[in-house]
Every structure is written in structure tokens, then in C-alpha cells.
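The model shown is predicted, which means the values in this text are computed figures rather than measured ones. What you see below is based on every heavy atom in this structure, not just the backbone, and it leaves out hydrogens, waters and symmetry mates. Numbers here are sequence positions counted from 1.
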Amino acid sequence: MLCRFRRFSRRRRRAPSRAPGRRTNWGVGADVWSVTSWTELRREALAADAWNLTHPGRPRKIPYVTRRLATEPGPVTAVSDWMRSVPDQIAPFVPAPWSSLGTDGFGHSDTRGALRRHFHIDGPSIVLRVLTQLADRGELDACAPGKAVELYRLHEITAAAPGNTEGSAE
């Protein structure tokens with residue numbers, strides 16, 4: 001059985017299912033969505049919400065993000081180099097199970113990769129989040145997240161690839 005998930009990201013990153021070193025067959029397919037502005041998506045959704053509130057007898061306006069995701073399968077994982085509250089702006093308008101990853105707080109790292117591992121926004125951590133979402137929904141073996149933690153050494157910040165400054169998940 002192939003499960004699907006949708007990943008939203010502000011920066012261009014490789015899909016975790018295709019990233020080097022993560023070719024383990026988890027039976028999960030990825031749809032990667034590029035978000036140009038979390039704020040604009042929220043602004044448009046709030047405008048539709050306000051219109052619906054003040055026009056009770058009229059056909060309802062559906063926010064763009066809601067329309068686009070209404071027929072797509074699987075949970076949504078949003079990944080940001082900003083605080084999680086940035087992508088969480090659109091969570092109320094996403095018609096699917098929602099999860100976000102971001103850089104909340106202060107890091108303690110000497111490389112970009114260690115920083116991303118610390119905040120769980122590196123490729124292996126994204127894989128773990130998705131596996132957890134799918135396991136919670138009963139779409140994937142409940143043991144899969146634990147296997148990913150061990151396989152990718154997610155408890156070890158120094159096990160992360162050094163990374164670069166261009167937004168790569170590697």
C-alpha cells in the first residue's frame with residue numbers, strides 16, 4: 001500500500017522520500033508544494049472567511065489553500081526555516097491533518113545541518129514527522145517512526161549532514 005502526504009515548504013528542498021541516504025522504502029509518496037508566502041495565503045483565507053461571515057445567504061467563498069487541498073489525499077506537513085507559527089497561520093484553512101516543523105527557540109550548533117537537526121527540520125526529521133502522522137492515522141505500521149529514529153540517528157545532532165546555507169535539507 002502506498003500512502004501519500006503533502007509537504008509545504010517556503011524554500012526549495014528535496015522531497016525526503018527522494019533525498020540521498022533516505023531511500024528506505026517506507027511505502028510513502030510525496031507531493032511537495034512550494035509556498036511563496038504563508039502570509040498571503042492566510043490573508044486571502046481570512047478575506048474569504050470575513051466575506052462568508054457578512055454574507056450569510058450567499059454562496060460561500062472557499063479559500064485558495066482549502067480549494068487546492070480539498071481533493072488531495074494524505075496529511076500535510078509544513079516545513080519552515082522560520083518559527084512554526086509562520087506556516088501555522090494557514091492551518092485552520094487546511095482540510096487535512098496538519099503538522100508543522102520550524103525553528104522555534106535558539107539553536108546550539110556549529111553547522112547548518114546540526115541546526116536543522118536540532119530543530120527537526122532536516123530531511124530525516126521530516127521523514128520522521130510524516131511517518132508519525134501516517135502511523136497515527138493507521139495508514140502505516142506503528143513501528144515505522146521508531147525504526148526511522150534509529151536508522152537516521154535522530155537523537156544525535158552531530159549525525160546530521162553538514163548542510164549549506166541555501167535551504168537544502170541535506
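Within the model, atoms CD1 of I90 and CG of L46 stand 11.5 Å from one another, a figure rounded to the nearest 0.5 Å.
Residues passing the side-chain contact (heavy atoms from CB on, under 4.5 Å) test with E150, sequence neighbours excluded: none. Annotation: salt bridge (charged side-chain N to carboxylate O under 4.0 Å, His left out) contacts of R129 (sequence neighbours excluded): none. For E40, the side chain to side chain donor-acceptor pair (under 3.5 Å) criterion is met by R43, not counting sequence neighbours. For D104, the side-chain contact (heavy atoms from CB on, under 4.5 Å) criterion is met by M83, R84, not counting sequence neighbours. Applying the side-chain contact (heavy atoms from CB on, under 4.5 Å) test to T132 and every residue at least two apart in sequence or in another chain returns L128, D136, P145. By the side-chain contact (heavy atoms from CB on, under 4.5 Å) test, A96 pairs with R6, V76, V94, sequence neighbours left out. Every residue two or more places apart in sequence or in another chain that forms a salt bridge (charged side-chain N to carboxylate O under 4.0 Å, His left out) with R137 is listed here: E139. By the side chain to side chain donor-acceptor pair (under 3.5 Å) test, R67 pairs with no residue at all, sequence neighbours left out.
Annotation: side chain of S125 is in contact with side chain of L154 (closest heavy-atom distance under 4.5 Å). Residues E72 and F5 have side chains not in contact (no heavy-atom distance under 4.5 Å, counting atoms from C-beta outward). Using a 4.5 Å heavy-atom cutoff, the side chains of D141 and W26 are not in contact. Here the side chains of T77 and S100 are not in contact, with every heavy-atom distance at 4.5 Å or above.
In this structure, T66 and P95 approach most closely via the heavy-atom pair O-CG, 3.9 Å. Across all their heavy atoms, H120 and L101 have their closest contact at O-CD1, 3.3 Å. The two residues R117 and I157 come nearest to each other via the heavy atoms CG-CA, 3.6 Å. Contact between S99 and Q133 at its shortest, heavy atoms only, is CB-NE2, 3.3 Å.
Side chain of S80 to backbone of P87: no donor-acceptor contact under 3.5 angstrom is found. Of the possible donor and acceptor atoms, one in the side chain of N52 sits under 3.5 Å from a partner among the backbone N and O of A48. Not a single donor-acceptor pair under 3.5 Å links the side chain of E156 to the backbone N or O of R153. Remark: side-chain polar atoms of T54 are paired, donor with acceptor, to backbone N or O of A50 under 3.5 angstrom. The closest donor-acceptor contact from the side chain of T103 to the backbone of D81 lies under 3.5 Å. Remark: the backbone N or O of G113 is not paired with any side-chain donor or acceptor of D122 at under 3.5 angstrom.
Classification of the W38-W98 ring pair by plane angle, with boundaries at 30° and 60°, yields perpendicular.
In the hydrophobic clustering of ILVMFWY residues, with side-chain heavy atoms under 4.5 Å counting as a link, I62 and W33 come out apart. Hydrophobic clustering of Ile, Leu, Val, Met, Phe, Trp and Tyr side chains at less than 4.5 Å, counting indirect connections, unites L140 with V149.
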Take Y152 and V127 through the side chain to side chain contact (heavy atoms under 4.5 Å, CB included) test and state the conclusion after the steps.
CA-CA 10 Å; Y152 305 137; V127 170; 3.8 Å; yes

Any chance you could lay out the side chain to side chain contact (heavy atoms under 4.5 Å, CB included) test for L41 and F93, step after step, and finish with the verdict?
CA-CA 9 Å; L41 284 173; F93 307 102; over 6 Å; no

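Using modelled atom types, one finds no donor on one side chain facing an acceptor on the other under 3.5 Å when comparing S85 with D88.
Residue pairs meeting the ring-ring contact (aromatic ring centres under 6.0 Å, His included) criterion with at least one member in residues 55-79, sequence neighbours excluded, are W51-H55.
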